[in-house]
Amino acid sequence: MDAPPAPKTSQNLFEVYLRLRPPPATASTDERVLTVEPPAQSGAPPSHITLNPPSDRRRAIERFGFTQVFAETASQLDVFSSTEIVGMVEGVLAPRGGEGTDAVVATLGVTGSGKTHTILGSKTQRGLTQLAVDVVFRSIGPSMLDGAALPAVIESLQACDSSESTLISAPPYLETVFADHTQFSRANSRAATPMICRSRPPVASLPKTPSKKTLDPLYMALTATVRGKSSAQRPKLNANSIQGDFSSSIMSAAPPRRNLPPLPTTLPKQPDVSGILVPCDTAAEYVVVVSMYEVHNDRIYDLLTPATKNAATKEFRRRPLLFKSTELSPDRKVVAGLRKVVCTTAREALLVLEAGLQERRVTGTGSNSVSSRSHGFFCFEVKKRHGGRRPGPWGGSKLTVVDLAGSERAREAKTAGATLVEAGKINESLMYLGQCLQTQSELGTSTKPNVVPYRQCKLTELLFSNSFPSHTSPHMPRRNPQNGVMIVTADPTGDFNATSQILRYSALAREVTVPRIPSITATILAGGPAPMPTTRSISPVQQHPHRPFVPAGGTSAYHRNHSPVDERATMEIAALEIARLSDEIDQLRAETDAHMEARFTAEAHLLSMEDRLIDLEAAIRDECAAEYEQTLMLELARFKTSLALEQERGEEHLDRKVDLLARGLENAALVICDEGDEYNKENVLVEDLSEEVERLRRENAVLKRELAGRSPTKRKPLEERDDFSPAPPDTLPGAQGGAVSNLGRKLERMRVNPDAGARSASGASNGSPKKMRRIAKAT
Ligand SMILES: Nc1ncnc2c1ncn2[C@@H]1O[C@H](COP(=O)(O)OP(=O)(O)OP(=O)(O)O)[C@@H](O)[C@H]1O
């Protein structure tokens, strides 16, 4: 069951309060453009102011109504306790169960009018943010989850987070942001109204804005955390040391880490709100999740995520985030992708706030030495679940504190370049905010159905989109519309035009009173003091009723023919005419001013568009380069893999071939060896045979010669001759003579058969070794 929404005092989406700041020490004039009207009922707080036009101008006097007006003397505590903030904190804590009601506290005003001072306080005084955080943590008290149990619940918190965020517990986060030694650092951060006091060197020696150099290590350290550097690698900052008072003993416990801003030493304690407690849901256990972001040039940037260095441009860039509906939050939009820090003590929450402020964009302008250049959103989500053995899912509501950038005139602020562009964007978004606020002030009175035009820019979307009941399915729990408080800040001695513009935007009620022009003639003729102006409330369109006009050329004739009474009447008419004309001139002057302002805004818008285009181009280039690099790396990796595969395959193939070759060579060598042996043997045999044949031929020739020398009678066939008869085996074993005679007989047979001899000879000369061998065997 949902708790009923905290009762609203009116139909407004925002309760609007006006806070006047004391005149700055450097104020050039004491002339006040504002007067606080005494309250209608005694004892009631004032709620109306009158805007007095400067004495040199004849202007309508405007009267503005607010929920309450805080005079210059009002303290931070007065503002805190008299606005609805405490009631809104109760709505967030939801003591009667349910999800609770979101709350928004914002400040709006001209630059330098005290917005940041109201929201974040000063060195000695706490602002509304710190006071609200204090009340939240004090009121939760023992129902807060034990810090030691935090690591175990981060996962369940993450699972219930509807904004696709990354959750981290406070001690490890703070460890990456602050060094733990006592030195000054805050002066180079955002505010001229810092909330934390430190022991510090003289302010004169400190830079006004944070330089990249000083922030780099912070980025590095945070990046290391994002990459999930193991906690064992880092020196651990004791969680209890953060929870407890920041004594110097804690600071000196560990050696200082270079270049990180030091851990703050003391926090302002005033004003004391220990007496303010609101009930909480005692059946539930709570944690507080802190997130911070800024709207700069209509884009949302996380203040707790460090910028990342672009590899190509070497510049630090932050990724803009989207404001959208998510899977877990289909009915309302959330800033998606933030880094959120889970805190269990007020001190942790305040230190996280301090860390985020280091990242916020500020600069010195002609109007404020430390001017906010973005709209800062500081969110404190109070998460709760019903404890016990089986704890339920985390739910809850959030308190958002918004420090808006101030509207400024380029001439006074002396801005140029990027700062002028920022100013244009700031003024544009504030103009849209003004339109929304004007529409809301007409919501109750007008008979026409008014729609708050909050979708025109990021700022109004963020401020108003949760102001209306959510349209959910019957299965989803219905969320209450948020409660809103707008504190308009103004400098009563400040610029009339700028102040009147802001008041016109924001006031819940406005009355225009035009003084009746006294008769100058009557005054002159009477010679007495000018009569008191009678005032009446009229609408702006009725300011100039028709008055007679006397042509310039007709005056002398008119004088000649008319009595002094007529002359007096004519003079009166002329005086009225003069007053009307001077009124018209004033109006024209105001219109010219407005046009000039519009021109400045348009020019700044143009410049901002150019800037945005350049940014977009750079971002697209970066993205393309990154994508190209990624693809290149991928292709390279793929190429290397396929190359390695190919090489492996080639080597395998080569190995196989070499194996085959080796095996082939081995076989070939074996064959060659075998064949070589046989071949050699055959050659030897052939040679032997050739030699034998040669010798036999010679013997044959000798024998033939002998035979030719003998008498015919002695010429017997060789077989029959004694000297050619075969020797007995025992006498000629192995003797050459026997073999020779045998061969001789064989040759003789061959000679007797000349064909056989020819055939064998030709066979021997042409034949293969095998044939030769066969012949040899045969012979
Ligand atoms: N109520 C106040 N009491 C004392 N000092 C104040 C008060 N309001 C503002 N100041 C001082 O005025 C100066 C400017 O105030 P601050 O920075 O809060 O202005 P701002 O409206 O936030 O300006 P911008 O829009 O440029 O950021 C600061 O030095 C601050 O301390």
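In each ligand, atom 1 is the first atom listed, and ligand 1 is the first ligand listed.
- Of the candidates R21, Q76, E72, K115, R21 brings a heavy atom nearest to atom 11 (C) of ligand 1.
- For S122, no heavy-atom contact with ligand 1 is shorter than 4.0 Å.
- Any N or O atom pair closer than 3.5 Å counts here, and T489 shares no such pair with ligand 1.
- The shortest N or O to N or O distance between D403 and ligand 1 is not below 3.5 Å.
- Contact check for T489 versus R21: no side-chain heavy atoms found under the 4.5 Å cut-off.
- For G112, the closest heavy-atom approach to ligand 1 falls below 4.0 Å.
- Screening L20, T493, V69 against L34 for a side-chain contact (heavy atoms from CB on, under 4.5 Å) leaves a single residue, L20.
- Screening L131, V79, D134, D78 for a side-chain contact (heavy atoms from CB on, under 4.5 Å) involving P271 leaves a single residue, L131.
- Proximity of R318 to D302: side-chain heavy atoms (C-beta onward) are nowhere separated by under 4.5 Å.
- With hydrogens and angles ignored, the 3.5 Å screen pairs a side-chain donor or acceptor of S139 with a backbone N or O of V278.
- Atom CZ of residue F70 and atom OG1 of residue T118 lie 10.0 Å apart, to the nearest 0.5 angstrom.
- If you number the atoms of ligand 1 from 1 as listed, the ones under 4.0 Å from a heavy atom of V110 come out as 21 (O).
- Heavy-atom distances between G109 and ligand 1 stay at or above 4.0 Å for every pair.
- Counting the atoms of ligand 1 from 1 in the order shown, those under 4.0 Å from a heavy atom of R19 are 1 (N).
- Of all the listed residues (H117, H375, Q125), H117 holds the heavy atom that lies closest to atom 6 (C) of ligand 1.
- In this structure, CZ in F377 is found 6.5 Å from CG in L404, a value given to the nearest 0.5 Å.
- On a distance-only criterion, G114 and ligand 1 share at least one N/O pair closer than 3.5 Å.
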